[in-house]
There are 2 protein chains.
Amino acid sequence: MSKRTKLKDIADRLGVSITTVSRALNNKADINDETKREILELARQLEYRPNSLAISLRRNNTVPLVGVILPIINHYFFATVLKGIMSKAHLHNSLIIVGESLQDEKKEKKILNQFMDQGVSGIIIAPARNSNFEENIIPILHKRIPVVVIDRMYDNYKGNYVLTNDYNAAHKAVQHLLDNGYKKIAHIGSVDDKSIGTERKRGYIAALHQAKIDINEDYIILNDIDNPDLAIEKGFNATAKLFELPNPPDAIFAVTDDVAIGVIEYAKENNISIPDDLGLVGFSNAKMSNYIRPRLTTIEQNGFAMGQLAFDFFNKASSSNGEVFQKSFELNLIVRESSVQKSEV
Amino acid sequence: MSKRTKLKDIADRLGVSITTVSRALNNKADINDETKREILELARQLEYRPNSLAISLRRNNTVPLVGVILPIINHYFFATVLKGIMSKAHLHNSLIIVGESLQDEKKEKKILNQFMDQGVSGIIIAPARNSNFEENIIPILHKRIPVVVIDRMYDNYKGNYVLTNDYNAAHKAVQHLLDNGYKKIAHIGSVDDKSIGTERKRGYIAALHQAKIDINEDYIILNDIDNPDLAIEKGFNATAKLFELPNPPDAIFAVTDDVAIGVIEYAKENNISIPDDLGLVGFSNAKMSNYIRPRLTTIEQNGFAMGQLAFDFFNKASSSNGEVFQKSFELNLIVRESSVQKSEV
DNA sequence: TAACTTACCGTAAACGTTTACGGTAATTAC
DNA sequence: GTAATTACCGTAAACGTTTACGGTAAGTTA
């Protein structure tokens with residue numbers, strides 16, 4: 001692999017100055033047509049490609065670049081967060097450079113480093129499940145580049161973030177099931193050392209606690225649901241396990257709409273009626289949740305607003321001195337068919 | 001707004017050299033603790049932020065940047081295309097910078113210009129519906145930067161592309177309905193001056209033609225379905241219109257799974273049985289299509305593979321001299337419940 | 001005391017461009 | 001034939017960093 005050709009290479013080979021080469025390639029005046037032709041020709045041969053760093057540096061026209069890292073890019077929630085970020089970025093003439101960590105903290109770190117090399121002026125990150133704060137984030141903060149953490153949380157993190165109050169939301173979901181007469185409420189959750197799974201489980205437990213209902217450990221099944229394609233299957237299998245119990249639950253709070261879909265699939269195959277035999281609440285308000293039957297009660301998660309706010313926070317953090325911006329969104333319950341027994345309607 | 005502070009500003013104020021400042025900020029050796037402290041302190045006061053362009057330039061670690069423009073970023077298909085692109089980009093240590101045109105060619109152009117300013121080494125674009133080739137793409141080609149067009153097509157475009165054979169796929173879908181005994185097949189399509197809508201409609205017509213069935217113009221309803229949230233509603237309304245006809249169809253080929261969902265919703269509300277009273281085929285194999293009832297027969301669209309190939313094409317085009325890379329994917333029909341009458345099974 | 005080491009700091013080149021400015025030769029104007 | 005213009009090209013500075021190298025003063029060693 002030879003070195004990348006630069007202006008000087010072309011200039012030397014043709015016995016002209018760098019300036020002349022630059023003029024030719026940029027279509028400027030003050031250059032002979034024949035010279036220009038030769039330069040263009042040689043540039044083509046040598047596969048010349050301008051070094052954008054040098055150009056931007058010289059022109060002093062740095063387009064603010066913001067790096068965004070998401071665990072999974074084609075997940076509706078994250079894609080919508082990205083959309084929110086981009087909508088704001090577009091207004092501020094910023095550009096968005098994105099990376100997908102695939103829940104791999106090594107990959108996350110590599111992308112982060114590339115982002116720094118590329119010269120981002122900020123980072124918005126939904127951390128990978130096992131993301132290492134010390135190793136991945138601290139070096140960026142040392143470079144004094146603003147970081148906004150979104151969706152998931154680091155322990156003892158003191159910086160900018162945009163989160164959702166998963167604890168309250170889960171509490172609300174379970175309370176809703178209780179209010180509708182369900183008593184034996186199970187939880188199909190996710191193993192997660194970051195906030196999400198844990199918080200939702202905490203909310204679930206708290207709601208039962210408050211209702212003075214004992215926690216039945218058999219009613220709690222935790223899965224790795226990172227892969228959205230497998231999440232449905234995981235939900236299906238977990239439901240099967242729950243119904244093998246001597247005393248199966250009469251309601252399920254699923255950590256995700258995908259998981260809830262799995263519950264529904266199992267119920268259909270086994271003639272379990274939702275909501276009559278089994279109440280069900282999901283989480284996320286995936287598009288699908290309004291079109292499957294029964295229509296799924298779920299928690300609305302406004303990814304778009306979160307993305308927008310994340311960009312706003314980055315923006316504020318850029319022009320302020322160490323001030324910290326934090327927001328935790330409260331989430332609404334959307335009541336549909338899956339959690340309200342028909343006799344009760 | 002004052003100018004951005006640079007090393008020199010700090011150096012001047014403190015009467016030290018730029019080198020010393022650099023050493024302090026980068027935690028290098030050969031510097032007195034007290035000097036370092038002062039520099040760090042002043043840097044904080046002046047809100048020093050390193051110019052990463054200069055850093056990367058000096059360090060010579062340019063990361064190849066590829067610009068990706070998509071009409072809608074949180075649409076599953078496009079998000080998956082993006083995922084495919086990124087998977088390959090990651091292998092080649094490239095970075096992806098993305099923009100969302102929202103089907104607006106002015107916006108598309110603005111993003112394209114920003115990409116050029118930022119110095120991308122390639123463009124992968126799924127053109128907006130009314131994207132202007134002359135105005136938006138030609139200038140990039142003039143800069144000798146590889147362009148790969150994806151999903152949609154420009155008229156008379158001669159460059160690199162990764163497409164799907166929508167004509168054949170639509171033909172296949174309609175043929176499948178014919179094979180299953182449906183005779184009065186309607187089409188809920190999309191108005192579209194680019195390839196997609198037109199090609200699917202062409203395939204629909206061709207299949208009927210071949211079966212010697214006359215085209216009934218009342219059976220063709222075209223919508224603007226750019227907004228995926230509205231697409232379901234559009235499908236619903238179109239179906240309503242079809243069933244107001246004196247002689248309603250007995251099958252529908254929908255241009256999109258979302259539109260097909262709308263058909264299903266209408267059918268459920270009006271006690272029309274799918275597939276018995278009405279056959280239905282969608283397009284895209286959205287995740288949802290396998291979990292609604294009846295499970296939807298559809299065309300599989302492998303966005304991931306398309307994205308991967310698009311990046312490969314960019315890559316090849318980068319290191320080849322004017323060679324052109326083109327691919328049109330053949331798409332498979334996925335037969336599920338919505339198109340096979342139970343009596344026939 | 002002479003030689004050597006250490007701690008600290010500055011000079012200047014380099015990364016790959018763009019561009020203001022000046023220069024030469026040829027052409028045109030008068 | 002002189003002056004002015006034009007066409008073409010090069011020199012060098014600049015963008016904001018990093019870093020190899022050298023230098024000085026103080027401390028250390030023998």
Side-chain angles (χ1 to χ4, degrees), chain A residues 2-40 43 46-65 116-121 142-145, chain B residues 2-40 42-43 46-65 116-121 143-145:
Chain A
S2 58
K3 290 230 8 123
R4 193 187 234 246
T5 60
K6 39 189 175 177
L7 292 190
K8 190 170 188 318
D9 301 326
I10 301 178
D12 288 351
R13 295 257 295 237
L14 257 44
V16 297
S17 76
I18 294 180
T19 309
T20 303
V21 179
S22 172
R23 274 195 272 252
L25 293 170
N26 289 10
N27 229 1
K28 299 252 170 161
D30 288 345
I31 186 168
N32 181 289
D33 281 348
E34 174 59 14
T35 325
K36 185 170 172 176
R37 209 193 47 71
E38 285 179 25
I39 291 173
L40 256 38
L46 299 183
E47 294 182 25
Y48 171 75
R49 249 173 255 291
N51 179 324
S52 45
L53 290 178
I55 296 176
S56 301
L57 178 59
R58 172 59 227 240
R59 289 209 185 126
N60 237 339
N61 63 347
T62 323
V63 182
L65 246 195
M116 301 308 286
D117 285 352
Q118 186 63 30
V120 295
S121 45
H142 271 157
K143 291 263 182 183
R144 319 193 56 252
I145 288 175
Chain B
S2 57
K3 288 227 14 115
R4 192 188 236 246
T5 61
K6 39 189 175 178
L7 292 189
K8 190 170 189 316
D9 300 327
I10 300 179
D12 288 352
R13 295 256 297 237
L14 256 42
V16 297
S17 76
I18 294 180
T19 309
T20 303
V21 179
S22 172
R23 274 196 272 252
L25 293 170
N26 289 9
N27 229 1
K28 299 250 168 163
D30 288 347
I31 187 169
N32 181 289
D33 281 348
E34 173 59 15
T35 325
K36 186 169 171 177
R37 210 194 45 71
E38 285 178 24
I39 292 175
L40 257 36
L42 186 58
L46 298 183
E47 295 182 27
Y48 171 74
R49 249 177 256 289
N51 179 326
S52 25
L53 289 180
I55 296 176
S56 300
L57 177 60
R58 170 60 226 238
R59 291 212 184 124
N60 233 339
N61 54 357
T62 321
V63 182
L65 246 197
M116 301 309 286
D117 284 351
Q118 186 62 30
V120 295
S121 46
K143 288 261 184 184
R144 317 190 51 253
I145 287 176

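Throughout, a chain's letter reflects where its sequence line sits, starting with A, and its residues are numbered from 1. Computed over heavy atoms, backbone and side chain alike; hydrogens, waters and symmetry mates excluded.
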Measure [atom1]/[X] against [atom2]/[N] and give the value in whole Å, please.
X	N	atom1	atom2	result
B:D33	C:dC9	CG	P	10 Å
B:L14	C:dC9	CG	P	11 Å
A:K6	C:dA14	NZ	C1'	10 Å
B:E38	C:dC8	CD	C1'	14 Å
A:R59	C:dT17	CZ	C1'	9 Å

Item to check | Among C:dC9, D:dT17, C:dG16, the one nearest B:L7 by side-chain distance | outcome: D:dT17
Item to check | Nucleotide nearest A:I31 when distance is taken to its side chain, options C:dT17, D:dC9, D:dG16 | outcome: D:dC9
For [N], take OP1 and OP2 only and decide whether either is under 4.0 Å from a side-chain N or O of [X].
X	N	result
B:T20	C:dG10	yes
B:K28	D:dT19	yes
A:N32	D:dA7	no
B:Y48	D:dG16	no

Item to check | Salt-bridge present (A:D12, A:K8; N to O < 4.0 Å) | outcome: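 Result for this pair is yes, salt bridge flagged.
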Checklist entry - Between A:D33 and A:R37, is there a side-chain N and carboxylate O pair less than 4.0 Å apart? => result no
Checklist entry - Side chain of A:T19, base of D:dT11: donor and acceptor closer than 3.5 Å? => result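 When only heavy-atom distances are counted, A:T19 does reach the base of D:dT11 through a donor-acceptor pair under 3.5 Å.
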Checklist entry - Less than 3.5 Å between a donor and an acceptor, one on the side chain of A:R4 and one on the base of C:dG16, is that the case here? => result no
Answer with base, sugar-phosphate or nothing: what part of the nucleic acid does [X] contact at a heavy-atom distance below 4.0 Å?
X	result
A:N51	sugar-phosphate
B:T35	sugar-phosphate
A:I18	base

Next on the checklist: For the CG atom of A:D30 and the OG1 atom of A:T19, what is their distance to the nearest 0.5 Å?
Outcome noted: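 With rounding to 0.5 Å, CG (A:D30) is 11.0 Å from OG1 (A:T19).
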Next on the checklist: I need the B:T20 OG1 to B:L25 CG distance, nearest 0.5 Å.
Outcome noted: 11.0 Å
Checklist entry - Are A:R23 and A:T35 side-chain neighbours, meaning at least one heavy-atom pair lies under 4.5 Å? => result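 Answer no - side chains too far apart.
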Item to check | Residue met sooner reading DNA chain D from 5', once B:A54 and B:D30 are mapped to nucleotides | outcome: B:A54
Checklist outcome for this item: When A:R23 and A:K8 are each assigned the nearest nucleotide of DNA chain C, the 5'-most assignment goes to A:K8
